[in-house]
K.L.:
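Pasting in a structure now, in structure tokens, and then I'll have a few things to ask.
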Number of protein chains: 2
Amino acid sequence: MPVNRRITLAARPVGHPQESDFALDEVDVSSPEAGEVLVRVLWTSVDPYQRGRMSEAKSYAPSLQVGDVITAQSVGHVVESNDRRFSVGDLAVGQLGWQEYATARAGTVRPVPEELDPQTLALHAVGMTGLTAYFGLFDVGKPRAGDTVVVSCAAGAVGQIAGQLAKIAGCRAVGIAGGPEKARDLIELYGYDAAIDYKNDGVAEALRGERVDVYFDNVGGEISQAVHRRLNLGARIVICGQVSQYNAERPELSFHPGLLIMFRARMEGFLVFDYAHRYDEAARKLAHWVASGKIRWREHVTDGLENAPRAFIGMLNGENRGKALVKVAERAE
Amino acid sequence: MPVNRRITLAARPVGHPQESDFALDEVDVSSPEAGEVLVRVLWTSVDPYQRGRMSEAKSYAPSLQVGDVITAQSVGHVVESNDRRFSVGDLAVGQLGWQEYATARAGTVRPVPEELDPQTLALHAVGMTGLTAYFGLFDVGKPRAGDTVVVSCAAGAVGQIAGQLAKIAGCRAVGIAGGPEKARDLIELYGYDAAIDYKNDGVAEALRGERVDVYFDNVGGEISQAVHRRLNLGARIVICGQVSQYNAERPELSFHPGLLIMFRARMEGFLVFDYAHRYDEAARKLAHWVASGKIRWREHVTDGLENAPRAFIGMLNGENRGKALVKVAERAE
């Protein structure tokens, strides 16, 4: 059997993660047991929620322990199957981690349609980040045609899809992102109606003419406080993420609940995992919109599993432009 | 015509209101115009929301100007009617202010059923505070039988009803109030299953064994922060009021929205005025529950319109035990 190279947690990051918080090790690969598959990973994903797993703070999912493989969505080929739902050669996606080979229970991975082009879409627009945008916007935000939908981290993996879904729903989409390149992507690539570069624009001033019906919040902190000043009556605030807080020792108390009385507004958090029974419905629609050009996307690819920590640190710093992915291996083998 | 004694805003309170922020003046009473009624006020109400109207901060309703009569719900007899919906002698309730005589458009006051006993119920259990508890708990909180419902300011005018409605809905009701007398009322009078005296108990510790499904929040600030640590998955936080913040120059940022992801929870603000089309439905039910003993209540009466400011200041300090009311005049005249 081959050797499996893996990226593990070497130390719990304090504040901003460092490369020394990660380790590369090698273990033998063993055959899958009954009901399991062995996957050769081709691509793996880099996402803000991983920061939470590295922390000991109480969260919706158990923390990683030092020595554990870093949690991540990955796509790869089944190279051994001990479950009849998968055959050797099938492409599969799941929470397979930052590693070259992953053993998983067959029920926890999903097949990737062969016609998906490129297949990395299973890690973003048609995968977990697309699904997150879909359920967060439609089920929690409940946009109506004509609504103004504001998205923070709007050029990020979830935000870029949320904005495009808002357009599909007949809304005005306003995106907030950091830097002129991302702001340009918002307008030119993702089709937002307006873009705010929070590094160079005052968010509250830039929103002065808007009445925000839905705020799809990925960032929290000061940027979100500026948006809250422009809510419309009956506003819905979708709490998808709070990336401004992930490196903080304690999250900032950034919100005064009395605002919700003034605007008769609702603020609601959600987790995409709670919608697992509807993934197929949503993934089909997302794949259709991508194929028909209604959802556009950009990837930011880092080559080599060993560079995943660097890609992750850069993503938390906003250095990526498009969905951050790591290429682990070529398809052909 | 008689003279009308009124309590007006003499100065905008800074921090805790003082008696000097109020003035007593006298004006002549004039006859109602077409579509109006003239009401002789018997009882008037003292409620936390009035503090917000005295401030210049942006809110859901226009601020009072210096010299304006203090906004308040009052009950009284119609002494002159220029609208066929009311006859002389009818009892009516509405936003009639802290004054002895009020002229109002007939559409803005509601008749009080003669059989309501005592008629002051129209200012609390069957009036605006009862309606606030009703719509906040049932429409926003959406309790299910078996849920744990926590109420802050639980012995207050809204809170005492919210807890009893939670019991009617088959929930476990846990009340938070200040001081041993109020905590005793929660259990013995209002039928809460558990009472927390925040002045003597640590709220988070006292809630250690609870999983909060619905938090009916009247207080905000530190007490609410302690409740947020005990939320259950899928919790609903009803933002009814934030009385801990009303005397603050700027409201405290007391909440981290990321909590809503962890608990897949919803926080929602509401205003009872948005439910005006359903007041009759709710008031009928509340009156029935009061008559059948399922809703119990306590009044804290201050005698004399001139003492309304003192009653208001005491209520903000938590000195009242039961619904704070001011007796303006005897019924017989």
Side-chain angles (χ1 to χ4, degrees), chain A residues 48-49 51-52 55 57-61 132 135-136 139-140 152 215 217-222 224-225 227-229 231 233-246 248 250-275, chain B residues 48-49 51-52 55 57-61 132 135-136 139-140 152 215 217-222 224-225 227-229 231 233-246 248 250-275:
Chain A
Y49 76 87
R51 180 65 184 83
S55 150
K58 190 178 162 191
S59 179
Y60 56 82
T132 300
F135 294 112
D139 278 67
V140 184
S152 54
Y215 176 38
D217 187 10
N218 295 301
V219 71
E222 282 178 22
S224 293
Q225 285 177 45
V227 179
H228 299 151
R229 294 169 57 184
L231 295 180
L233 285 186
R236 288 82 72 198
I237 304 170
V238 181
I239 307 295
C240 177
Q242 296 274 287
V243 73
S244 70
Q245 307 300 309
Y246 294 167
R250 276 167 177 276
E252 189 185 349
L253 299 173
S254 61
F255 188 72
H256 166 49
L259 265 188
L260 298 178
I261 302 177
M262 188 152 107
F263 296 111
R264 287 84 136 173
R266 166 165 64 84
M267 179 182 265
E268 188 163 348
F270 77 104
L271 269 188
V272 67
F273 309 116
D274 291 333
Y275 293 91
Chain B
Y49 76 86
R51 179 65 184 84
S55 149
K58 189 177 163 190
S59 180
Y60 56 82
T132 300
F135 294 112
D139 278 68
V140 184
S152 53
Y215 175 38
D217 186 11
N218 295 301
V219 72
E222 283 179 18
S224 293
Q225 287 177 42
V227 179
H228 299 150
R229 293 169 57 185
L231 296 180
L233 285 187
R236 287 82 72 200
I237 303 170
V238 181
I239 306 297
C240 176
Q242 296 274 287
V243 74
S244 70
Q245 307 300 310
Y246 293 167
R250 277 170 177 274
E252 190 185 348
L253 299 174
S254 61
F255 188 72
H256 166 51
L259 265 188
L260 298 178
I261 302 176
M262 189 151 108
F263 296 111
R264 286 83 136 175
R266 166 165 65 83
M267 179 182 265
E268 188 163 348
F270 77 105
L271 269 188
V272 67
F273 309 116
D274 292 333
Y275 293 91

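Naming convention: chains lettered A, B, ... in sequence-line order (proteins, then strands); numbering from 1 in each chain. Excluded from the calculations below are hydrogen atoms, water molecules and symmetry mates; all remaining heavy atoms, backbone and side chain alike, are included.
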K.L.:
Taking the side chain as C-beta and beyond, is there a heavy-atom pair between A:Pro257 and B:Met267 under 4.5 Å?
P.N.:
yes
K.L.:
Taking every non-hydrogen pair under 4.5 Å, which of B:Val140, B:Leu253, B:Leu260, B:Leu233 racks up the most with chain A?
P.N.:
B:Leu253
K.L.:
Using modelled atom types only, decide if a donor and an acceptor are shared between the side chain of B:Asn218 and the backbone of B:Ser152 within a distance under 3.5 Å.
P.N.:
yes
K.L.:
With respect to chain B, which residue among A:His256, A:Gln245, A:Gln225, A:Arg236 yields the maximal number of heavy-atom pairs within a distance under 4.5 Å?
P.N.:
A:His256
K.L.:
If we define contacts as heavy-atom pairs under 4.5 Å, which of A:Ser59, A:Ala265, A:Gly258 has the most with chain B?
P.N.:
A:Ala265
K.L.:
Side chains of B:Phe263 and B:His228, heavy atoms from C-beta outward: is any pair under 4.5 Å?
P.N.:
no
K.L.:
Give, as side chain, backbone, both or neither, the part of A:Asp274 having an atom under 4.5 angstrom from any heavy atom of chain B.
P.N.:
side chain
K.L.:
So for A:Glu252, is it side chain, backbone, both, or neither that comes closer than 4.5 Å to the heavy atoms of chain B?
P.N.:
backbone
K.L.:
Where do B:Cys240 and A:Ile261 come nearest, in terms of heavy atoms and distance?
P.N.:
O-CD1, 3.3 Å
K.L.:
Answer yes if the side chains of A:Tyr275 and A:Thr132 hold a donor-acceptor pair under 3.5 Å, and no otherwise.
P.N.:
no
